[in-house]
Protein chains: 2
Amino acid sequence: MIPNRPFRPAPRSARDKLLEAGVRLVREQGFAATSVDDLCRAAGVTKGAFFHHFASKEALGVALAAYWSSSTGGFFAEAPYHHHARPIDRVLGYIDLRLALITGPPETFSCVAGTMLQESFRTSDAIRAACEASIMGNAAALEDDIAAAMAEAGVTGTTAASLSRHVQTVIQGAFILAKSQAPDAAADLAREAIGHLRRYFELLFNAGGDEEEKMQ
Amino acid sequence: MIPNRPFRPAPRSARDKLLEAGVRLVREQGFAATSVDDLCRAAGVTKGAFFHHFASKEALGVALAAYWSSSTGGFFAEAPYHHHARPIDRVLGYIDLRLALITGPPETFSCVAGTMLQESFRTSDAIRAACEASIMGNAAALEDDIAAAMAEAGVTGTTAASLSRHVQTVIQGAFILAKSQAPDAAADLAREAIGHLRRYFELLFNAGGDEEEKMQ
DNA sequence: ACGAGCATACCGACCGGTTGGTATGTCGCA
DNA sequence: TGCGACATACCAACCGGTCGGTATGCTCGT
């Protein structure tokens, strides 16, 4: 979902190095296949450092989801789409930003929280809850703009909360479909899915596109 | 995505028992966290039987995706939604069937191929390809009906292939969001997402619902 | 100003158990 | 008799985690 730079500063402590290593390795191969030794090698620290900062591998997973939340949340909170005057333009601006972030192979744009949730939801309630907080936190950040857009356009039959969760649904699903492809074809597939999400919002809100908006 | 019964017959051989155990365990905890010993215990067979039928754990993963393809493909091929006269009704019938299948905790309705793809896409090209075949095979099965519906309704701006992939995108994403919830709330969340998929198709095809159709 | 005591960050060897896989043997059937 | 479908015993490497240690920094008493 979000590449490493420029919004996450270079890690300084062993803890930050381990979390950065965790982002990279979980995106590449998931949580269970990522050993403590893998994380230490990738971070350039020892097992002793690992277990000084994290009580267990599971604790690293929980901290990783929180780290993902704070870095992605910060990124989106400061994105320029907030400056649009109309709520629907802010929502579409968010979707366009998501589109812009999808480049390269899947492990450079996929979601750490969604990836960990997929395999750990039943084996670690702590990781499940931390991943839920991350994903639903991202969804919630969009809810007010969606609610305002619904009020402005008179959209009924659903809720802002439901629509914001749907945004996350399509994003997570887009990442899975992308992973089925060779690395250089993955981003196109993910962007295609986000394109449908945008079109759904255009249809729902009668927001046919920037050009049609200006004609009205 | 599809519960075990009634379309998959009771497994008889050790190989089928292992594949059934694989379906259950991968849905619960993913592929990497599922050991060969886990699979043998769940199947009630020994390691000798496992390695007689499968050259490696990876080979089991490839066979599992193929097994998933054949059982889900057969299920959907014989579903009653094919009987609708209008293409759009067949497409919406498919989506309604998907809705109907979503009951209970996530591990009873999630997709084995999507789950394995998420964590194995970069560590096993054989598993990636087998999962792609499964997911894209499910998508492709819907493509003709979508193409016919597009022709009938005059829908432009996208392709049948793209729309059929979007169906899979939302389904896979719905399963992830569902996994973030407590077991008894999971199905509601997945159904909510599929509801948005349905609404997108209704808006795209001006197919407002069974009642509005009849009025026209 | 300095040294003792303590806390923190980290190192790397080691632990018991698990891992994917191999070797060998047995049994039933054609 | 030979082969397929298993079972059991075993292997080396890996696993998550522990443990005794060193290095460095901080605080406080003298």
Side-chain angles (χ1 to χ4, degrees), chain A residues 9-26 28-65 67 115-116 119-128 130, chain B residues 9-26 28-65 67 115-116 119-128 130:
Chain A
R12 298 186 185 289
S13 67
R15 186 178 197 276
D16 283 349
K17 287 170 181 171
L18 284 160
L19 290 168
E20 276 300 319
V23 167
R24 184 165 72 74
L25 289 169
V26 166
E28 280 172 12
Q29 60 191 25
F31 183 72
T34 297
S35 67
V36 171
D37 277 341
D38 284 339
L39 290 160
C40 291
R41 266 195 298 279
V45 305
T46 62
K47 252 325 214 320
F50 182 98
F51 284 99
H52 175 78
H53 290 288
F54 303 105
S56 62
K57 187 186 176 188
E58 182 185 24
L60 178 279
V62 172
L64 191 54
Y67 180 70
T115 304
M116 273 201 297
E119 54 177 302
S120 306
F121 78 106
R122 193 59 75 230
T123 51
S124 171
D125 199 66
I127 291 180
R128 183 202 58 78
Chain B
R12 297 184 185 290
S13 68
R15 185 179 197 275
D16 283 348
K17 287 173 181 169
L18 284 161
L19 290 168
E20 277 300 318
V23 167
R24 183 166 72 76
L25 288 170
V26 166
E28 280 172 13
Q29 61 190 26
F31 182 71
T34 296
S35 66
V36 172
D37 276 344
D38 284 340
L39 290 160
C40 292
R41 264 194 301 278
V45 305
T46 63
K47 231 123 152 226
F50 183 98
F51 283 100
H52 175 78
H53 290 288
F54 304 104
S56 62
K57 187 185 175 189
E58 181 184 25
L60 178 279
V62 173
L64 191 55
Y67 181 70
T115 305
M116 273 203 296
E119 55 179 301
S120 306
F121 79 106
R122 195 60 75 230
T123 51
S124 170
D125 200 65
I127 291 179
R128 182 203 57 77

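All values below were derived from every heavy atom in this structure, side-chain atoms included, with hydrogens, water molecules and symmetry-related copies excluded. Within every chain, numbering begins at 1; the chains are lettered A, B, ... in the order of the sequence lines, protein sequences first and strands thereafter. Just so we're clear, the structure is a prediction, and the values are computed from it rather than from any experiment.
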Test item: A:Glu20 side-chain N/O and A:Ala43 main-chain N/O as donor-acceptor pair under 3.5 Å: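 Looks like no, no N/O pair under 3.5 Å.
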Mark yes or no for whether B:Ser35, through its side chain, and B:Asp38, through its backbone, hold a donor-acceptor pair below 3.5 Å.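 It does hold such a pair.
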Verify the contact: side-chain N or O of B:His52 to OP1 or OP2 of D:dA5, cut-off strictly under 4.0 Å; return yes or no.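 Answer is yes, contact under 4.0 Å.
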May I ask you to verify if any side-chain N or O of A:His53 is less than 4.0 angstrom from the OP1 or OP2 atom of C:dC10?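 Yes, such a contact exists.
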Sequence-aligned protein contact record of nucleotides 11-29 of chain C, with B where the base is within under 4.0 Å of a protein heavy atom and S where only the sugar-phosphate is: BB------SBBB-------
Rounded to whole Å, how long is the line connecting atom CG of A:Leu60 with atom C1' of D:dC15?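 That distance rounds to 15 Å.
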Would you mind reading off the distance between B:Phe54 atom CZ and D:dC6 atom C1', rounded to a whole angstrom?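 These atoms are roughly 14 Å apart.
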Would you give the length of the straight line joining atom [atom1] of [X] to atom [atom2] of [Y], rounded to the nearest 0.5 angstrom?
X: B:Ser124; Y: B:Glu119; atom1: OG; atom2: CD; answer: 11.0 Å
X: A:Leu19; Y: A:Ser13; atom1: CG; atom2: OG; answer: 8.0 Å
X: A:Leu25; Y: A:Leu64; atom1: CG; atom2: CG; answer: 10.0 Å

Sequence neighbours excluded, every pair satisfying salt bridge (Lys or Arg N to Asp or Glu O under 4.0 Å) that has a member inside residues 42-63 of chain A: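 Passing the test, one end in residues 42-63 of chain A: A:Asp37-A:Lys47.
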Measure the angle between the two terminal helix axes of the helix from C:dA1-D:dT30 to C:dA30-D:dT1, five base pairs each, and quote it to 10°.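 So the angle between the two local helix axes works out to 0°.
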Which pair of non-hydrogen atoms, one from A:Phe31 and one from A:Leu60, has the smallest distance, and what is that distance?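 That closest heavy-atom pairing would be CE1-CD1, 4.3 Å.
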Can you confirm whether A:Arg15 sits close enough to A:Leu18 that some side-chain heavy atom of one is under 4.5 Å from a side-chain heavy atom of the other?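 Not touching, per the 4.5 Å side-chain cut-off.
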